[in-house]
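Being a predicted model, the structure only gives us computed values, none of them experimental. To find a chain, count down the sequence lines: A is the first, B the second, and so on, and within it residues start at 1.
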Amino acid sequence: MIRTSEAIYKYLRPDKKYPHVWCPGCGIGIVTGALVRAIERTGLTKDEIALVSGIGCSGRISTYLDFNTLHTTHGRALAFATGLKLAKPSLTVIVVMGDGDATAIGGNHLIHSCRRNINITSLIINNNIYGMTGGQYSPTTPMNHIASTAQYGSIEKTFDICKIVEACGASFVARGTAYHAKMLDALIERAINKKGFSVVEALSQCPTQYGRRNKLGGPVEMLQWYKDNAIPYPAFKKLSPDEIGEKFPIGVMTDLDEPDYLERYNRIIKEAGSEGQ
Amino acid sequence: MRKHNQILLQGNEASAMGAMAAGMRFFAGYPITPSTEIAEYLSIHLPQVCGTFIQMEDEISSMAAIIGASLGGVKSMTATSGPGFSLMQENLGFASMAEIPCVIVNVMRGGPSTGMPTRPGQGDVMQSRWGTHGDHPIIVLCPNSVLECYTLTIDAFNLSEKYRSPVIVLMDGIIGHMWENIVVPENIEIIERLEPEVPPEWYRPYEALPCGDIVRLAPFGEGYRFHVTGMVHDKSGFPTLIHEEIEQCLNKLISKIKNNLHDIIRIDEYRLDDADICIVAYGSVARSAKEAVDIAREEGFKAGMLRPITIWPFPRFHLEDIARKVKMIIVPEMNYGQIYGEILKSCPGKTLRITRVDGELITPDQIMEKIEEAVL
Amino acid sequence: MNKKYEPIHFFLRWCKKCGICIAFCPKHVLERRPDGYPYAARPDDCILCGLCDIHCPDYAITVAKKDEFREKKIVKEEDHEKAQPDTPAGQ
């Protein structure tokens, strides 16, 4: 097992301010640890990796990690990453987004990146809330839950991010949680190694803005909830609707081998009659 | 008589050809009238040189993608028209702030909103300057012929690389869709992106150098690991809230353009030497204005024309020089007077405007009428 | 150098006292100090599973076998010394 503390000093930028910006008990730190361990497992060098992030709590990851880092505008991380990947295919491009970032303001970019099946790894850190702006409801805030802009409870249905990206054509779809941190780094590693568009949804507790408002307890209780309700995908499929309740599947849900965007684009280059450069 | 190397080109095509001649190898765009021919041309020709053409899901992502590509070390471009240009403002500001070279071609149509997709306008002049929020520098070039669509697009890439800034080529629908015979110029200087002068551990991508040089942008993945953000940043590119660093960051953005006006500003003067009346016109209107100057001269009026080719930063000093010599400045525009307002700032009292916003060209006759009216 | 071997090392200046490590230790090795920081109350019970290590959101815990500490020098205090604030990371 690669321990966070082993990998972390290799990948954190030593001249940044620590402890990091996230609140006590925030899951983003745990997920970042998993990301770093996953990268360590892939054996990629720091120069080979471009880390693109959006705006919000999760957007801060790019500041701390010592890769080629791009902190983009809200929701647009995937669009920046698309340009970067196509311009420099040798880079391993990892995109880190939050739930609001990826599925609200950036929803269009997410579904089209899936459709193109561009060889990018996206890590969507889903904490069910807009944390940095003070706890407004996001597309993944559960119905009837309280947010600073849903004081009477949210009346909107939630997105199932994994189902969306699966339907839109992503090659690799998986879900992990901050509690299942060890599993998460294996999922992220597989996603990075996957050719094509891969998505890992990492459920992550936001005790400050989401947990406290909804009386879900602190970070410990929220992690405990993940522990109690997460069911490995194969077992989850066998559950009856009555058994499901609050339970949700984790693990790999889709793993397809399909030509990625660049492979298909190379066909265009060939057809256009250029002599390879 | 047809010269052997003459070709018949549309303004949009010429712009696309110019971009490829400048070394552009990444285009991301979204279909919109009247700029679509640029994307269509590049979708055929970019793959032939192993370049990338991608049609994105909207203009927001198109703008984002070209910034990403530019960070990958590839010269990149997008093309659009008013409504799409509105969507690009977000990431245009990012490119300005993060100092990423890229070129945006905006073929203006009548606005606001969906406006008149198939009719020309010049309503985006102020948007090209102030469309994105916050104080930011920008360079905007305005061609008035098919040949200039070609040469100014190359120029746009050169300025973009030199000043690490987004550059906008602001055409209007007439210029974009106009066909002319041109001789494609050869041996135009192309500014290539150079590798940083210092090794990675010494690299500060946003350092303000006292000599005025602009730090070269290292591509991602070449050993120069750095941080790019739209937030106010320090010289290494990391977000900062220290007053001195904030000021330095923003001052540097503005001053890199302001200190190089002599290099950035291009103007065209026509029969201005002894003129009493100066017409200030750009884009397609400048073609009518030129004709109007000739007619006016034949009728005995001492008219001349100043055509700002670089409209932002606005060639204020050139204009002020001319204003001292002439009695009257006439500003015909296909909008309600966006550049007219800019000229009023330096030359109040003797500036007249001609506005036309009905989707039709401003004719030489219309300008003549104004000249006669002004003189009487 | 006869210091007693401790399997769990806390780097307290990064710790935000969230309590995750204490709650999820399968052997209940950890407890809170009066000031809220965690400490290993029963270090001999530690099975080196590393759950506290990977669940710490602030990278403030290192779990290692005795020889690992010696040979690999996983926790290098001097690295932490370098990590002093110079840019604020506000919103």
Side-chain angles (χ1 to χ4, degrees), chain A residues 13 15-16 46-53 55 59-60 62-63 65-93 105-106 108-109 111-113 115-116 118 261-262 265-277, chain B residues 25-28 43-76 78 90-95 97-98 100 102 200 218-231 233-234 236-239:
Chain A
R13 286 181 161 131
D15 54 349
K16 296 298 109 197
K46 292 191 214 177
D47 284 323
E48 288 170 318
I49 292 174
L51 188 80
V52 184
S53 70
I55 293 288
R60 286 316 186 104
S62 60
T63 317
L65 296 181
D66 188 17
F67 303 114
N68 302 283
T69 50
L70 175 56
H71 180 211
T72 69
T73 44
H74 196 22
R76 318 297 174 211
L78 276 171
F80 281 81
T82 299
L84 181 59
K85 180 68 187 177
L86 295 181
K88 207 170 177 70
S90 59
L91 281 171
T92 296
V93 180
I105 189 165
N108 203 25
H109 311 309
I111 61 176
H112 287 279
S113 301
R115 184 177 63 82
R116 287 189 192 104
I118 184 161
Y261 187 87
L262 272 163
Y265 194 79
N266 282 335
R267 183 184 62 76
I268 291 183
I269 288 180
K270 226 174 252 167
E271 216 153 281
S274 64
E275 298 136 32
Q277 281 181 347
Chain B
R25 290 295 179 269
F26 184 94
F27 179 92
S43 73
I44 298 167
H45 295 282
L46 268 176
Q48 292 174 339
V49 293
C50 289
T52 307
F53 168 88
I54 185 167
Q55 183 172 307
M56 295 297 285
E57 53 272 19
D58 55 26
E59 285 90 348
I60 301 172
S61 50
S62 302
M63 188 64 215
I66 67 165
I67 296 171
S70 189
L71 273 169
V74 176
K75 288 186 182 178
S76 59
T78 184
E90 177 193 40
N91 291 327
L92 184 60
F94 184 95
M97 186 62 157
I100 312 292
C102 54
F220 271 12
E222 301 290 325
Y224 292 84
R225 293 191 307 276
F226 60 103
H227 187 61
V228 178
T229 177
M231 294 178 83
H233 43 264
D234 62 15
S236 303
F238 290 101

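- Between chain A and the residues Pro219(B), Ala64(B), Gly230(B), Gly221(B), the largest count of heavy-atom pairs under 4.5 Å involves Ala64(B).
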Are Phe238(B) and His227(B) close enough, and set up right, to give a ring-ring contact (aromatic ring centres under 6.0 Å, His included), and what steps lead you there? CA-CA 6 Å; Phe238(B) 290 101; His227(B) 187 61; 5.1 Å; yes
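- Arg225(B) and Glu48(A) are not joined by a salt bridge, as no carboxylate oxygen comes within less than 4.0 angstrom of a charged side-chain nitrogen.
- Between chain B and the options His112(A), Arg115(A), His109(A), the largest number of non-hydrogen pairs under 4.5 Å is found for His109(A).
- Highest contact tally toward chain B, considering only Lys46(A), His74(A), Lys85(A), is held by Lys46(A) [criterion: heavy-atom pairs under 4.5 Å].
- The shortest distance between side-chain heavy atoms of Glu271(A) and Gln48(B) does not fall below 4.5 Å.
- Ranking Ser62(B), Ala69(B), Ser70(B) against chain A, the residue ahead of the rest is Ala69(B), based on heavy-atom pairs under 4.5 Å.
- Nearest heavy-atom pair, Arg13(A) versus Ser62(A), reported as atom, atom and distance to 0.1 Å: NH1-O, 3.0 Å.
- Residue Ile66(B): no heavy atom, backbone or side chain, is found under 4.5 Å from chain A.
- Contact detail for Asp47(A) and Gly223(B): the closest heavy-atom pair is OD1-CA, 3.3 Å.
- Contact count versus chain A (heavy atoms, under 4.5 Å) is highest, among Gly93(B), Ser61(B), Ala218(B), Ala98(B), for Ser61(B).
- With a 4.5 Å cut-off on non-hydrogen atoms, Tyr224(B) touches chain A through its backbone but not through its side chain.
- In terms of non-hydrogen atom pairs under 4.5 Å with chain B, the most contact-rich of Asn68(A), Leu84(A), Asn266(A) is Asn68(A).
- Within the 4.5 angstrom heavy-atom criterion, atoms from both the backbone and the side chain of Phe220(B) approach chain A.
- Considering all non-hydrogen atoms of both residues, Ala81(A) and Val52(A) come closest at CB-CG2, 4.1 Å.
- The most heavy-atom pairs under 4.5 Å with chain B, out of Thr69(A), Ile55(A), Leu51(A), Leu91(A), come from Thr69(A).
- Aromatic ring pairs are classed by plane angle as parallel below 30°, tilted from 30° to 60° and perpendicular above 60°; the pair Phe80(A) and Phe94(B) is perpendicular.
- No other option in Ile54(B), Asp58(B), Leu46(B) has as many heavy-atom pairs under 4.5 Å with chain A as Ile54(B).
- Heavy atoms only, all atoms of each residue included: Thr63(A) and Lys16(A) are closest at O-CG, 3.7 Å.
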